[in-house]
Structures are given as structure tokens and as C-alpha cells.
Amino acid sequence: MTRKDRTEGILSRKEVLTPQERKKYYLLKLKDLLNYAYRYSEDVKKRFDRAQFSVEKFKTLSDLKHIPILKKKELIFLQSMGPRLGGLLTKDIGELKRVFMSPGPIFDPEDREPDYWGWTEAFYAAGFRRGDIAQITLNYHLTPAGLMFEEPLNNLGCAVVPAGPGNTNIQLEIMQKLRVTGYVGTPSYLLHLAQKGEEKGLNLRKDLFLEVAFVTGEKFSEKMRSAIEKKFNLVMRQGYGTADVGCIGYECFHKTGLHISSRAYVEICHPDTGIPLKEGEVGEVVVTVFNKTYPLIRLATGDLAYIDNSPCTCGRTSPRLGNIVGRVDTTARIKGMFVYPHQVEQVMASFEEVKRWQIEVTNPGGIDEMTLYIEASQFTREADLLHAFREKIKIKPILKIVPPGTLPPQIKPIEDKRKWD
């Protein structure tokens with residue numbers, strides 16, 4: 001398949017609506033969602049009533065600002081408040097297809113409707129086509145990352161290798177023997193595969209057959225993208241979403257930002273006030289996905305970005321998010337997983353010898369590294385701590401033990417020192 005074959009075409013009419021059509025589409029979808037959610041979600045009804053928000057008064061898109069923003073970190077508390085995940089769901093849990101659990105912990109429900117997570121548009125825009133063999137290297141255990149990408153790839157006529165994370169040598173062997181054409185995973189792991197492949201003496205362009213890569217879960221530099229594309233002679237594009245709502249945005253071939261998915265309405269809001277900002281202003285990404293089963297209306301993602309409405313060469317007319325430029329809070333996304341300070345504190349509570357701790361995140365060579373510094377006079381339970389950390393946080397850190405008083409008096413729980421040259 002030529003590169004041109006992978007970059008042309010539009011999957012859905014909703015991707016090329018005129019401004020007037022798109023405004024009407026958003027209003028209809030939001031009106032329908034708000035009515036349904038108010039009727040069947042206990043949490044939504046409480047939120048609307050407390051804010052004295054009436055669905056009947058929802059006439060324009062700007063009226064959405066009267067609904068209080070739902071912070072992602074609030075989900076942990078809300079889900080513990082009773083049946084149906086604290087009233088967030090509009091149906092009983094037993095009616096769902098799957099229930100996942102992400103770090104937090106936060107439960108992520110999946111309903112039975114087709115393409116529930118909404119990634120088919122994104123994979124098509126990235127260049128996946130019928131007949132591709134896609135190797136998914138994301139986690140299949142508890143978290144939805146691996147499974148949420150299988151159905152959209154199948155929808156496009158692709159075969160899937162559910163490889164999961166790790167086992168690098170086996171991953172390379174599968175790619176070589178099955179002539180895998182598509183990669184799905186984090187950009188840092190694809191770079192790791194390239195490095196290990198070269199160490200084994202593989203010619204990545206001749207011995208492997210990758211043509212397209214869809215990456216997510218991590219920020220990366222254009223220098224890193226360029227290096228990976230040249231090593232494999234492939235096209236690498238990214239998608240943006242969360243385990244709560246699925247797809248929010250995705251890149252097309254032209255790399256002009258993240259086209260907002262037709263399944264979502266996105267606002268850029270002031271992180272403190274929740275007031276929507278103007279086009280081009282940097283603020284928090286607030287998303288409302290048209291999901292009647294799990295209506296997380298005005299969910300604040302904690303990510304910082306801006307909106308771009310200028311035309312794109314690909315022909316898609318949807319608004320675009322500029323690349324994610326940072327985080328609002330102390331939460332960090334490392335190797336595709338959210339790491340919360342309160343979770344780290346829960347792990348540390350079991351180790352009385354630890355006086356203070358800090359996580360430092362770096363990305364040497366474009367690959368995320370997480371170093372856990374702990375202050376302790378004597379510490380002999382390194383293996384226990386690393387095991388507990390891996391079980392709770394899902395990532396194994398580099399552990400460094402330092403004498404009490406080494407860390408500065410005022411420290412951030414998570415110090416992000418990654419650089420994106």
C-alpha cells in the first residue's frame with residue numbers, strides 16, 4: 001500500500017460539516033444528551049438541580065457553561081457513593097459489556113454499543129486500512145487501553161495482534177514473522193523496540209514491515225517522531241483521549257493539531273473559574289462526549305491546550321486541539337498511565353522507615369523514566385516497596401534511597417523534568 005493510499009479520504013460525513021451544520025449538530029447532540037442524562041443519571045440530576053440549570057433553557061452552545069465542571073479527580077469519590085458507580089451511570093452495571101479499572105482507582109464502564117470508545121475515525125485518519133496487521137502493545141489487564149482499540153481496527157478490516165506490553169524480543173519476532181504493518185502503543189515503547197531491534201542486528205526497514213503507527217498516552221517531540229519514522233520508514237500519528245471517555249482527538253497526515261472527534265464537544269476553560277476561553281487561548285480541556293450510558297458532562301481532563309479553527313489541508317472541518325502543553329494539577333501521565341500523589345502516599349504509608357518521598361520524571365532519549373527518591377536512615381525492603389508500587393501504580397520506578405534531610409524542605413510530590421526538544 002502506498003503512502004498516498006493511507007492518507008487520502010474521509011471516513012465520515014460528520015468530519016466535513018460546514019460551520020453552520022456543525023453548530024446545529026452539536027446543539028442537537030447536546031440537547032439530547034442533557035435531557036437523557038437528567039432523566040436517568042442520579043448524579044447528573046443532582047448537579048443540574050444544585051446549579052439551578054434547566055435543560056429547557058439550553059438554547060445555545062454558550063449555555064453549557066452554566067453546568068458545573070466535573071473534575072476528573074472527583075470521580076474517585078463519586079464512584080464510591082452508591083450503586084451505578086455513585087449514580088454516574090444511567091443503567092445497572094450488569095447491563096454493561098465490560099468494567100475496567102484505571103489508576104485512582106477509577107472504574108471505566110464499557111457499554112455494548114458499536115465502537116463505544118470512538119476510535120475508528122482516529123485510526124482511519126492515522127492511515128490504517130483494510131488488510132493491515134496491527135500489533136497492540138498496550139495493557140490488556142484491568143485498564144481499557146488494549147481492548148478499546150481492537151474493535152475500531154476490526155471495523156476498518158484490520159487484523160489485531162493483542163501483544164500487550166513488554167516481552168520486547170517476542171514483540172520483534174512477531175513483527176518479523178507475521179509481517180506486521182501497524183503498531184499501536186506509546187511512542188517511547190516503539191523507540192525502545194527500534195533500539196532493541198538494531199542491537200539484535202535487524203535492518204528495521206528491510207527485516208520489519210511497519211508502515212503506520214498510532215501512538216497515544218505520552219507527549220513526544222517532533223525530533224523523536226522524525227527519528228522513529230526514519231528508522232522504520234513509517235508514518236506515525238497520535239490520538240488523544242482518556243480511559244473515562246475514550247477518543248477526544250486525533251492527528252491526520254498533515255500534523256496540524258488534534259482534530260476533535262465527532263463524538264465529542266470540547267471547551268477550553270480557565271482552570272480555576274471554569275469559564276470558556278477564546279480560540280487560541282491556553283486553558284484546561286473540558287470534554288462532553290455524547291455518551292448516554294456514562295454521561296460525564298463537562299469533564300475537566302486536567303490537560304492544558306488551545307483550540308484552532310483554521311482550515312486543514314486534509315479537508316476535515318472539525319475544530320482542532322493544539323498539542324497538549326501541560327497539566328493543571330500535580331498528576332503526571334507517565335508511560336501512558338496517570339500517577340496520582342495520593343496513590344503514592346498510600347503505598348508509602350506501609351513503610352514506616354520512609355520519612356519523605358518525591359517522584360522525579362525525566363525522558364532521556366525520549367523515553368519516560370520515573371525515579372522514586374525516599375528519605376530513610378536504614379531501608380532493607382526495596383523489593384517489597386517496588387512490588388507494592390508496581391501493584392498500585394502499575395509502573396516500576398527507579399528507586400533511590402537518600403539520607404533524611406536530603407530532599408529540599410518544600411518539594412512537589414511529582415517533579416516533571418521532561419524536556420521536549
Side-chain angles (χ1 to χ4, degrees), residues 72-73 75-77 79-80 99-108 137-146 163-171 185-186 188-189 191-192 195-196 217-218 243 302 327 329-419:
K72 182 180 172 73
K73 60 185 178 182
L75 296 180
I76 302 170
F77 171 74
Q79 289 188 350
S80 67
V99 181
F100 299 97
M101 187 175 74
S102 295
I106 296 174
F107 290 105
D108 305 308
T137 65
L138 295 165
N139 206 325
Y140 275 78
H141 176 64
L142 279 182
T143 62
N167 302 309
T168 302
N169 289 332
I170 295 175
Q171 299 264 13
T186 62
S188 62
Y189 189 62
L191 181 60
H192 178 68
Q195 293 168 346
K196 290 299 181 182
E218 293 175 346
R327 291 284 301 170
D329 52 26
T330 55
T331 304
R333 199 169 192 174
I334 307 167
K335 295 185 177 181
M337 302 295 288
F338 281 107
V339 177
Y340 297 88
H342 78 268
Q343 279 190 296
V344 181
E345 190 60 52
Q346 287 171 357
V347 173
M348 294 305 162
S350 301
F351 299 88
E352 295 180 359
E353 311 96 306
V354 177
K355 306 304 179 186
R356 300 172 73 217
W357 60 270
Q358 184 184 41
I359 286 174
E360 182 179 279
V361 191
T362 56
N363 59 338
I367 297 176
D368 284 355
E369 275 190 5
M370 180 171 64
T371 303
L372 172 61
Y373 291 91
I374 63 170
E375 286 188 355
S377 300
Q378 291 184 334
F379 194 77
T380 58
R381 301 170 63 194
E382 289 94 334
D384 292 339
L385 176 55
L386 290 174
H387 175 74
F389 205 94
R390 174 71 179 178
E391 287 291 305
K392 188 77 174 178
I393 315 296
K394 310 302 181 187
I395 305 174
K396 184 178 179 181
I398 299 168
L399 181 61
K400 291 192 176 181
I401 304 167
V402 297
T406 302
L407 296 174
Q410 301 295 326
I411 56 173
K412 295 180 180 178
I414 301 177
E415 186 72 45
D416 195 337
K417 292 186 176 181
R418 287 174 288 193
K419 296 181 180 179

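Using a 4.5 Å heavy-atom threshold, the side chains of T362 and K419 count as separate. The shortest side-chain heavy-atom distance between T186 and K335 does not fall under the 4.5 Å cut-off. Counting heavy atoms from C-beta on, the side chains of P103 and V339 never come closer than 4.5 Å. Counting only heavy atoms from C-beta outward, the side chains of M348 and L372 approach each other to under 4.5 Å. Annotation: side chain of P397 is in contact with side chain of L386 (closest heavy-atom distance under 4.5 Å). Using a 4.5 Å heavy-atom cutoff, the side chains of I374 and W357 are in contact.
Rounding to the nearest 0.5 angstrom, the gap separating the CD1 atom in I398 from the CD atom in E369 is 4.0 Å. Going from atom CE of M101 over to atom NZ of K394 covers 5.5 Å, rounded to the nearest 0.5 Å. How far NZ of K396 is from CZ of R390: 8.5 Å, rounded to the nearest 0.5 Å. Between L399 atom CG and Y373 atom OH the span is 10.5 Å, to the nearest 0.5 Å. Atom NZ of K196 and atom CD of Q171 lie 13.5 Å apart (nearest 0.5 Å). Taken from CD1 in I401 to OG1 in T380, the straight-line distance is 9.0 Å, to the nearest 0.5 Å.
More than 12 non-hydrogen atoms from other residues, nucleotides or ligands lie less than 6.0 angstrom from CZ of F389.
The two residues Q195 and I367 make their nearest non-hydrogen contact at OE1-CD1, 3.7 Å. I106 and K72 make their closest contact through CD1-O, 4.1 Å (heavy atoms, listed as atom of the first residue, atom of the second, distance). Contact detail for P165 and N139: the closest heavy-atom pair is CD-CA, 3.8 Å.
S102 and D108 form a side-chain donor-acceptor contact under 3.5 Å, judged by distance and modelled atom types alone.
Looking at E353, its side chain never comes within 3.5 Å of a backbone N or O of Q378 through a donor-acceptor pair. Side-chain atoms of R356 come within 3.5 Å of backbone N or O of L407 as a donor-acceptor pair. Checked by atom type and distance alone, the side chain of Q358 pairs as donor or acceptor with a backbone atom of K412 at under 3.5 Å. Side-chain atoms of E218 come within 3.5 Å of backbone atoms of S188 as a donor-acceptor pair (strictly under, hydrogens ignored). Side chain of Q79 to main chain of F107: a donor-acceptor pair is present (N/O by atom type, distance under 3.5 Å, no hydrogens or angles).
Between Y189 and the choices T168, T137, D368, the side-chain hydrogen bond (donor to acceptor under 3.5 Å, both in side chains) rule is met once, by T168.
Listed by chain and residue number, nothing satisfies the salt bridge (Lys or Arg N to Asp or Glu O under 4.0 Å) test with K392 (two or more places apart in sequence, or in another chain).
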